[in-house]
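Structure record follows, encoded as structure tokens.
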Amino acid sequence: MERKYPHLCSPITLGRTTFRSRMFSAPMGGTDITNDGCIGPKSTAFYELRAKGGAAAVTVSECMVHPATDGSHAYHLDESILNSLACATYTADAIRRHGAIPSLELSHSGMFAGTYMTDKSRQKSMNQWGPSDTVRADGVEVKALTKEMIADIVASYGHVAGLAKRAGFEILMIHGGHGWLINQFLSPMFNKRTDEYGGSLENRCRLAVEVLQSVREAVGPFFPIEFRMSGAEFVEEGYDLDEGVRIAQMIEPYVDLIHVSAGTYQKTFGITHPSMFTEHGRNVFLAAEIKKHVSKPVATLGGLNDPAQMEEIVASGKADIVYMGRALLADPYLPNKVMANKDEDIVRCLRCFTCMAERAATATRRCTVNPLIGRECEGDVVYPAPVKKKVLVAGGGPGGLYAAYTAARRRHRVILCEKEGELGGILRSEQALPFKYDMYRLAGTYAKLAKDAGVEVRLHTEVTREYVEREAPDALIIAAGSAPLVPPIPGLRGDNVAVVNDYYLEKDKVGNEVVVMGGGLAGCECAIHLGMEGKRVHLVEMRDVLAPDANVRHRPLLLKEIEKYVTVHTGHKALRVTEEGVVCASPDGSEVLIPGGSVICALGQKSRTDVVEALQDAAPFVRVIGDASRVSTITNAVYWGYHAAMDV
């Protein structure tokens with residue numbers, strides 16, 4: 001067949017190993033890591049799904065090579081640990097049997113040992129080792145590694161590499177980026193040594209070279225070795241792209257693939273993991289520049305989820321391989337869909353950071369748009385129901401769409417009703433914010449998947465109790481969503497006020513000076529957008545904090561954008577809205593006018609309890625999902641919708 005994206009779909013050979021395409025699964029940490037660092041069955045299933053979905057290589061992350069100086073926050077591979085080698089072997093086999101090449105990332109976190117531990121107090125009790133004596137920003141003392149310790153760490157890389165090869169991994173990624181130990185030696189920000197491991201770039205590269213030589217000796221001449229590096233650190237004290245090019249040139253003789261990432265730990269999270277506020281592929285230029293100066297293949301990554309963009313990257317020679325992390329959480333089958341010319345069916349990553357926030361909060365995984373993530377052991381195949389039923393879904397938002405799609409895949413007869421003339425529910429409002437376009441597009445993707453699965457969609461159709469009685473479904477899934485909160489504040493229903501949900505319909509009425517009432521996630525994101533458009537924006541919030549409903553990964557990046565574009569008034573309670581702005585009670589109790597000829601009301605949402613109460617007993621099986629049950633997140637709406645359909 002003729003491939004729509006021929007360069008992206010073409011195989012590539014590293015060493016003597018051939019990979020089926022240029023689409024690789026980036027390193028992502030596991031969740032059910034045992035106390036002694038073994039890979040648990042949930043994590044094995046997590047990696048296996050990437051292989052089933054068509055990724056050419058799947059990287060298991062991270063295997064810490066030297067427990068004596070690097071406390072466990074990830075995997076270990078050690079023959080003295082019961083089941084360590086066995087668990088790694090089962091994982092490599094789970095990846096390989098689907099045609100993907102299993103990869104293991106070998107790492108040492110240096111002065112940031114124990115970073116991913118949920119119990120941070122344990123992390124601070126560890127001995128922290130790095131290139132130089134220092135004190136971390138959080139006050140933890142770091143000791144300089146001795147030459148003897150360095151030699152032992154170098155040897156451990158080789159030893160663990162040999163074990164990984166024995167377990168069935170067919171490529172190894174040596175982590176030399178993001179502020180971990182090897183990067184700490186590469187970076188002048190961390191490395192203040194005066195011996196042969198510090199000072200000149202050649203000396204700072206010495207540890208990386210010795211590690212790669214140790215790994216090569218362990219795995220042999222034709223086994224592919226990949227070096228992951230930050231092309232630039234994006235901090236004044238670190239190295240820039242020019243020095244990144246020189247680092248790549250120095251390690252090139254010892255590797256088969258140069259994997260170019262970006263940034264450094266604790267300082268550049270939104271660059272290393274590009275947020276929705278940055279363009280897709282914002283780090284590709286690093287790989288493109290390095291590729292001009294080396295002869296070995298180069299890989300790139302960073303918020304990539306568009307096959308057309310990835311095809312251009314490979315076709316134009318910016319990189320030879322593209323890695324995806326979050327994109328393959330949102331849709332593990334993305335590579336298979338690209339290979340089959342079905343890219344219109346791809347569920348795109350929203351770059352909302354739910355996946356990373358959940359791991360930080362509970363040490364599990366969850367994805368806003370994919371309810372299987374982190375729960376792959378429950379099965380990734382939707383089987384037909386034993387008895388075909390008639391299912392009515394009330395509401396065409398993300399939860400209702402996913403419920404309908406899932407029920408249709410179970411071979412039920414599914415009718416989805418939406419009282420408006422367009423599907424998407426609350427997602428419709430996101431079309432006005434360019435940095436949230438992927439979220440708006442999600443509704444269209446879910447709608448296509450649902451229709452292709454056989455769902456009958458009825459627009460302009462409100463589901464009442466009488467309607468349900470006429471249709472007589474076996475199951476009713478109520479996904480009626482929520483309505484905006486518009487409290488009885490004088491003037492709040494004036495002509496100069498737009499509710500945030502309707503901003504996409506009323507953009508023309510919003511002038512150049514705007515007051516956004518409500519400092520939750522919706523209000524903050526709308527305020528940022530308005531500021532990006534060049535408007536003067538004031539944000540009014542009654543509480544002392546902004547966006548407490550944002551997740552722990554997205555919120556810091558959101559607040560940085562607020563600082564750029566918005567004047568913030570926390571602790572201010574709106575009293576009335578006038579043509580000149582919003583009159584508020586300030587923290588000291590005095591009245592102040594926050595100026596703005598236009599006002600956006602973003603004071604929250606309330607469940608459509610009236611719809612739920614009217615329909616609660618209208619069918620033999622009734623399930624309430626999403627905001628109709630409890631104002632929450634798209635993540636919960638999709639997850640609840642999926643399982644409601646699975647229960648029918």
Side-chain angles (χ1 to χ4, degrees), residues 234 262-263 265-280 282-283 302-303 305 325-326 329-330 348-361 366-369 426-427 429-442 484 500-501 503-504 510 514-572 594 600-605 631-636:
F234 294 100
Y265 179 69
Q266 286 186 326
K267 292 180 179 289
T268 62
F269 180 86
I271 295 175
T272 304
H273 313 281
S275 74
M276 65 174 62
F277 302 115
T278 64
E279 67 273 17
H280 289 280
R282 62 94 59 214
N283 294 326
N305 68 1
R326 289 171 288 170
L329 297 179
R348 306 292 182 97
C349 168
L350 308 181
R351 298 192 291 175
C352 62
F353 290 120
T354 293
C355 52
M356 293 184 174
E358 189 68 30
R359 191 168 180 229
R366 201 179 286 275
C367 173
T368 291
V369 299
I426 201 168
L427 295 182
S429 63
E430 308 294 9
Q431 62 189 282
L433 280 58
F435 56 81
K436 298 194 76 175
Y437 180 75
D438 283 331
M439 194 167 286
Y440 167 65
R441 180 164 54 181
L442 176 66
V500 69
N501 306 51
Y503 168 69
Y504 75 104
V510 178
V514 189
V515 181
V516 177
M517 294 173 58
L521 182 59
C524 286
E525 288 178 341
C526 184
I528 290 167
H529 161 69
L530 294 168
M532 287 178 171
E533 285 197 327
K535 300 181 188 297
R536 295 185 298 277
V537 185
H538 294 267
L539 181 60
V540 174
E541 169 55 47
M542 184 170 61
R543 296 166 294 187
D544 294 330
V545 296
L546 295 179
D549 51 337
N551 70 57
V552 296
R553 294 300 192 188
H554 182 57
R555 186 171 182 267
L557 304 174
L558 178 88
L559 295 180
K560 285 184 179 180
E561 298 298 314
I562 288 285
E563 288 177 10
K564 292 182 196 175
Y565 298 109
V566 181
T567 301
V568 175
H569 307 270
T570 53
H572 283 66
I594 309 299
I600 304 289
C601 175
L603 296 173
Q605 299 287 123
V631 172
S632 183
T633 61
I634 299 171
T635 312
N636 282 339

- Is a side-chain donor or acceptor of R555 paired with a backbone partner of A547 at a separation under 3.5 angstrom? yes
- Item | Heavy atoms from other residues, nucleotides or ligands near NZ of K267 exceed 12 (cutoff 6.0 Å) | no
- Heavy-atom count around M532 CE within 6.0 Å, excluding the residue itself: above 12? yes
- Note on the structure: Given the options V514, T567, V566, H538 meets side-chain contact (heavy atoms from CB on, under 4.5 Å) only with T567
- Item | Pairwise side-chain contact, V516 with V500, heavy-atom cut-off 4.5 Å (strictly under) | no
- Query: Measuring from I594:CD1 to H572:NE2, what's the distance to the nearest 0.5 Å?
  - Reply: 5.0 Å
- Message: Quick check: closest heavy atoms across S429 and L433, and the distance to 0.1 Å?
- Response: O-CD1, 4.5 Å
- The reported gap from CE in M276 to NE2 in H554 (rounded to nearest 0.5 angstrom) is 4.5 Å
- Message: Does anything in residues 518-537 form a ring-ring contact (aromatic ring centres under 6.0 Å, His included)? List the pairs, not counting sequence neighbours.
- Response: Y503-H529
- Would you please classify the geometry between the Y440 ring and the Y437 ring as parallel, tilted or perpendicular, with 30° and 60° separating the classes? tilted
- Can you list the steps and then say if L558 with L546 is a side chain to side chain contact (heavy atoms under 4.5 Å, CB included)? CA-CA 10 Å; L558 178 88; L546 295 179; over 6 Å; no
- Message: Quick check: do I562 and I528 have side-chain heavy atoms less than 4.5 Å from each other?
- Response: yes
- Query: Are L539 and C524 close enough that some pair of their side-chain heavy atoms sits under 4.5 Å apart?
  - Reply: yes
- Task: Enter the distance from M517:CE to C526:SG here, rounded to the nearest 0.5 Å.
- Result: 13.0 Å
- Note on the structure: Tightest non-hydrogen contact, residues G519 and P548, listed as O-CD, 4.4 Å
- L427 side chain near I634 side chain, heavy-atom distance below 4.5 Å: yes
- Atom pair SG (C355) and CG (L350), whose distance is rounded to the nearest 0.5 Å: 10.0 Å
- Query: What are the two closest heavy atoms between T368 and C352, and how far apart are they?
  - Reply: OG1-SG, 3.2 Å
- Query: Can you find a pair of side-chain heavy atoms, one from L530 and one from Y565, that are under 4.5 Å apart?
  - Reply: no
- Task: In sequence, state the C-alpha distance, the side-chain angles, and the governing distance for E525 and F435, and then conclude on side chain to side chain contact (heavy atoms under 4.5 Å, CB included).
- Result: CA-CA 9 Å; E525 288 178 341; F435 56 81; 4.3 Å; yes
- Under 4.5 Å between any side-chain heavy atoms of N501 and Q605, yes or no? yes
- Note on the structure: When rounded to the nearest 0.5 Å, the distance separating OG1 of T278 from CZ of R351 is 4.5 Å
- Residues D544 and G571: closest non-hydrogen pair is OD1-CA, 4.0 Å
- Taking all non-hydrogen atoms of both residues, which atom of T272 and which atom of G263 are closest, and how far apart? OG1-CA, 3.6 Å
- Item | Chi angles and distances behind the salt bridge (Lys or Arg N to Asp or Glu O under 4.0 Å) call for E561, K564 | CA-CA 5 Å; E561 298 298 314; K564 292 182 196 175; 3.1 Å; yes
- Query: L442 versus E430: any side-chain heavy-atom pair under 4.5 Å?
  - Reply: no
- Task: Decide if the gap between the ring center of F353 and the ring center of F269 is smaller than 6.0 angstrom.
- Result: yes
- Taking all heavy atoms of P274 and all of G302, pick out the closest pair and write down the distance. CG-C, 3.7 Å
- Item | K560 with E563: basic N within carboxylate O range, under 4.0 Å | no
- Note on the structure: Taken to the nearest 0.5 Å, the spacing of F234 CZ from I271 CD1 works out to 5.5 Å
- Is N305 close to D438 at the side-chain level, that is, under 4.5 Å between some pair of heavy atoms? yes
